[in-house]
Amino acid sequence: MNKKVLVLCTGNSCRSQIAHGYLNKFLAGKADVYSAGVETHGVNPNAIATMLEDGIDISHYTSNNISEYTRTQFDYVITVCDNANERCPVFPTSAIKLHHNFPDPAKATGTQEEIKSEFARVRNLIKQYCQQFSSSYFS
């Protein structure tokens, strides 16, 4: 039986969706990956675009609320922003909880090129974290 990994963010629109995409790639066949938010904001079109640039299609992902998973027994819960870490509900499970606060690319301002650059920068940080998580816990 595959282990279950939940990636949690504030709105399940950018950072958790990007991590979800990378973890699906790196943990294929080893884990079932879910993502959720303490709120739901819809999947950010810039997150979809930045992942496509790296060959991963998350356009079919949905923005889910953490309340949808209260009965799911997760092995790992990864919060990817401080807000979600502080507001994360207590899971009645023995899940290993991990936290890394990534910058929110949705708050980027400037030209379209500057915003695109910030999404790529954050995507690369999340990719590196997901590679390290995958090799540390699933090698």
Side-chain angles (χ1 to χ4, degrees):
M1 177 183 256
N2 279 349
K3 294 193 180 282
K4 290 184 171 69
V5 179
L6 173 66
V7 184
L8 187 62
C9 196
T10 301
N12 193 216
S13 66
C14 289
R15 294 166 286 186
S16 54
Q17 296 287 355
I18 292 169
H20 188 167
Y22 281 123
L23 290 173
N24 268 345
K25 177 181 177 178
F26 300 143
L27 299 176
K30 298 178 186 176
D32 296 322
V33 181
Y34 304 79
S35 65
V38 292
E39 304 163 7
T40 53
H41 297 166
V43 183
N44 187 301
N46 288 322
I48 294 169
T50 199
M51 290 300 283
L52 278 174
E53 289 173 4
D54 200 27
I56 297 174
D57 183 5
I58 63 168
S59 65
H60 60 284
Y61 286 15
T62 57
S63 186
N64 301 300
N65 190 284
I66 186 61
S67 63
E68 298 173 43
Y69 300 120
T70 55
R71 296 179 190 261
T72 305
Q73 294 293 317
F74 290 102
D75 298 284
Y76 301 92
V77 175
I78 304 169
T79 50
V80 292
C81 69
D82 285 343
N83 184 48
N85 188 44
E86 292 161 11
R87 293 174 57 189
C88 184
V90 176
F91 283 97
T93 118
S94 57
I96 294 170
K97 293 175 184 74
L98 303 164
H99 174 67
H100 189 95
N101 186 43
F102 292 100
D104 186 354
K107 292 184 177 170
T109 58
T111 66
Q112 189 57 38
E113 219 27 64
E114 289 167 328
I115 293 168
K116 181 179 177 181
S117 176
E118 178 63 2
F119 267 85
R121 185 183 77 82
V122 173
R123 177 200 65 212
N124 293 338
L125 292 171
I126 294 171
K127 180 179 184 178
Q128 181 181 26
Y129 177 86
C130 291
Q131 285 173 319
Q132 290 171 341
F133 169 80
S134 300
S135 62
S136 296
Y137 292 95
F138 289 87
S139 57

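Heavy atoms only, all atoms of each residue included: N46 and N44 are closest at N-OD1, 2.7 Å. Between I66 and V38, the shortest heavy-atom contact is CG2-CA, 4.2 Å. The minimum heavy-atom distance linking G42 with S13 is given by the pair O-CB, 2.7 Å. Nearest heavy-atom pair across Q17 and T62 is NE2-O, 3.0 Å. A95 and Y76 make their closest contact through CB-N, 4.2 Å (heavy atoms, listed as atom of the first residue, atom of the second, distance).
Residue pairs meeting the salt bridge (charged side-chain N to carboxylate O under 4.0 Å, His left out) criterion with at least one partner in residues 8-34, sequence neighbours excluded, are R15-D104. Residue pairs meeting the ring-ring contact (aromatic ring centres under 6.0 Å, His included) criterion with at least one partner in residues 27-56, sequence neighbours excluded, are Y34-Y69, Y34-F74.
Take D54 and apply the side-chain hydrogen bond (donor to acceptor under 3.5 Å, both in side chains) test, not counting sequence neighbours, and it matches Y22, K127. Legend: residues meeting side-chain hydrogen bond (donor to acceptor under 3.5 Å, both in side chains) with S35, ordered by chain and number and at least two apart, are N12, H20. For the salt bridge (charged side-chain N to carboxylate O under 4.0 Å, His left out) test, residues two or more places apart in sequence or in another chain that qualify with E53 are K116, R123. For A108, the side chain to side chain contact (heavy atoms under 4.5 Å, CB included) partners are I115, E118, not counting sequence neighbours. Partners of T109 under the side chain to side chain contact (heavy atoms under 4.5 Å, CB included) rule, at least two apart in sequence or in another chain, do not exist in this structure. Shown here are the side chain to side chain contact (heavy atoms under 4.5 Å, CB included) partners of I48, two or more places apart in sequence or in another chain: V43, L52, I58, S59. In terms of the side-chain hydrogen bond (donor to acceptor under 3.5 Å, both in side chains) criterion, residue partners of S67 (sequence neighbours excluded) are, by chain and number, N65. Partners of S117 under the side-chain hydrogen bond (donor to acceptor under 3.5 Å, both in side chains) rule, at least two apart in sequence or in another chain, do not exist in this structure.
A distance of 8.5 Å separates CG in N2 from CZ in F138, rounded to the nearest 0.5 Å. L98 CG to T79 OG1: the interatomic distance, rounded to the nearest 0.5 Å, is 8.0 Å. Atoms NE2 and SG, from H99 and C81 in turn, are 7.5 Å apart once rounded to the nearest 0.5 Å. Of the inter-residue distances, the one linking N64 atom CG with L6 atom CG reads 9.5 Å to the nearest 0.5 angstrom.
I78 and M51 fall within a single hydrophobic cluster, where Ile, Leu, Val, Met, Phe, Trp and Tyr side chains are chained together by heavy-atom contacts under 4.5 Å. Follow the hydrophobic side-chain contacts under 4.5 Å out from V80 and you reach L27 in the same cluster. Linking ILVMFWY residues whenever their side-chain heavy atoms come closer than 4.5 Å, directly or via other members, places I126 and Y137 in the same cluster.
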Can you list the steps and then say if L23 with S134 is a side-chain contact (heavy atoms from CB on, under 4.5 Å)? CA-CA 7 Å; L23 290 173; S134 300; 3.8 Å; yes
Do I18 and F102 pass the side-chain contact (heavy atoms from CB on, under 4.5 Å) test, and can you show the C-alpha distance, the side-chain angles, and the key distance before you say yes or no? CA-CA 11 Å; I18 292 169; F102 292 100; over 6 Å; no
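Counting only distance, with no hydrogens or angles, the side chain of S63 and the backbone of G11 share a donor-acceptor pair below 3.5 Å. Without hydrogens or angle criteria, T50 side chain to A47 main chain gives no donor-acceptor distance under 3.5 Å.
Inter-residue side-chain proximity for P103 and L125 is flagged as met; some heavy-atom pair is nearer than 4.5 Å.
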